[in-house]
Every structure is written in C-alpha cells, then in structure tokens.
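A short write-up of the structure that comes next.
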Amino acid sequence: KAGVTQTPRYLIKTRGQQVTLSCSPISGHRSVSWYQQTPGQGLQFLFEYFSETQRNKGNFPGRFSGRQFSNSRSEMNVSTLELGDSALYLCASSLNSYNEQFFGPGTRLTVL
Amino acid sequence: TQLLEQSPQFLSIQEGENLTVYCNSSSVFSSLQWYRQEPGEGPVLLVTVVTGGEVKKLKRLTFQFGDARKDSSLHITAAQPGDTGLYLCRGSRLTFGEGTQLTVNP
C-alpha cells in the first residue's frame with residue numbers, strides 16, 4: 001500500500017507570496033491533518049479534514065487555509081507569506097482522527 | 001486543547017546507556033501514542049497505550065501509561081545509535097508534545 005505523499009518536498013518563496021502544498025493520503029483514509037513543525041515549537045496542529053469537511057482547526061491565522069477533495073487528497077494554502085512561516089509542513093492521514101496517523105515526509109518551506 | 005509536556009527536551013547519551021523520557025499533562029487521556037521521527041521523515045507510530053497502568057514492550061523500548069492516565073514514560077534499555085530521533089507523544093486527536101530529541105553516540 002502506498003504511503004502518504006506530499007508535494008513539493010522543498011519550496012522557497014519570498015515574503016508576501018502565497019503557496020499551495022499538496023497531500024495524497026493512503027488509499028481508504030478519509031482523515032487528513034496538517035501540522036507545522038519548527039525547532040522549539042514541536043508539531044503545531046493546523047487543521048483536519050474528513051470527507052471534504054474541515055472537522056477541527058488549530059490556532060493559526062486565517063492566512064492558513066485548506067481543502068479536501070472527493071478523492072481525499074488535500075491541499076493547504078498559505079497567503080501573504082511571512083518569514084515566520086518557514087517550517088516543515090507535515091500531512092498525516094488516518095482512517096479517523098482517533099486512529100494511528102501516518103505521516104508524509106513533509107514539505108520544507110523557506111520564506112526569504 | 002490538552003497540553004502535553006515532554007521532558008527532557010534534549011538528551012545525548014552514549015551507546016549502551018539506559019534512558020527514560022516523560023510525557024505529562026494535567027488532563028486525562030483515553031489513550032496516548034508515542035511516535036519517533038527521524039531526520040527528513042515524518043513521525044512513525046511506535047505504540048498506543050489505552051489502559052491506566054498499562055506497560056507495553058517493544059524490543060528494548062518499554063512504554064508505561066500512568067494509573068490516572070495523565071502521564072506516560074518511555075524507557076530505552078541499552079540505547080543504540082539507531083534509536084536516535086525525535087520522540088513525540090500524542091494524547092488526543094490534535095495534540096502532540098514538543099518532543100524529546102535523543103542522540104545516541106557510538
């Protein structure tokens with residue numbers, strides 16, 4: 001069974017730009033969660049989608065948004081990028097958010 | 001949101017030593033998970049504990065869930081360089097601890 005894939009793996013943007021990250025979950029998984037990981041801050045929960053609906057949301061500004069498609073693939077968008085948005089963005093899929101989460105390798109975003 | 005505190009934040013030891021890392025909260029959890037993350041990869045589940053007082057062993061790793069289901073520990077016996085990584089606990093659907101960065105030196 002193929003694992004969780006994330007594209008792109010690396011991204012360099014400048015302040016003020018926007019970015020879209022993509023996540024393809026494991027086949028059959030309907031829950032997709034997004035996390036931001038920075039040194040010293042651990043994994044910060046962004047949001048969770050289940051069957052195309054945002055089910056939970058973390059404490060991030062509205063510049064961070066996401067969506068999920070009917071095939072469970074998910075995208076995350078960050079608008080008006082700030083230097084502090086530089087981080088590893090991880091996507092995780094699961095049958096349900098209570099179950100084991102399977103993580104992708106992440107997208108490393110650098111904002112200059 | 002259930003807050004999880006992990007300690008120590010950083011741990012550097014020699015191969016063959018034993019160590020224990022902790023995950024604590026003021027909240028009660030129905031279950032708790034431990035993950036390990038290696039450089040360049042996403043976290044991978046090691047174990048899920050669900051019963052207060054539960055002890056689970058995974059080769060040289062021993063996981064314990066507190067009786068009150070508010071805390072957990074991970075003990076590694078005779079650590080090896082391959083144990084190097086970031087150890088994260090997850091106590092709810094949404095919350096991860098900040099992690100313990102373990103380095104085992106050969």
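Model, not experiment: these values are computed from the prediction. Chain naming here is simple, since letters A, B, ... match the order of the sequence lines and numbering starts at 1 in each.
In this structure, the portions of A:Leu43 lying under 4.5 Å from any heavy atom of chain B include both its backbone and its side chain. In this structure, chain A has no heavy atom under 4.5 Å from any part of B:Gln6. At a 4.5 Å heavy-atom cutoff, the contact between A:Arg9 and chain B is made by side-chain atoms alone.
Residues A:Gln37 and A:Tyr89 are not in side-chain contact: their nearest non-hydrogen atoms beyond the backbone lie 4.5 Å or more apart. Counting heavy atoms from C-beta outward, B:Tyr22 and B:His75 have side chains that stay 4.5 Å or more apart.
When the candidates B:Gly40, B:Pro43, B:Ser31 are compared by the number of heavy-atom contacts under 4.5 Å with chain A, B:Pro43 comes out ahead.
The ring of A:Tyr35 has its center closer than 6.0 angstrom to the ring center of B:Phe96.
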Any chance you could lay out the salt bridge (charged side-chain N to carboxylate O under 4.0 Å, His left out) test for A:Glu82 and A:Arg63, step after step, and finish with the verdict?
-> CA-CA 10 Å; A:Glu82 300 177 359; A:Arg63 300 186 296 108; 3.6 Å; yes
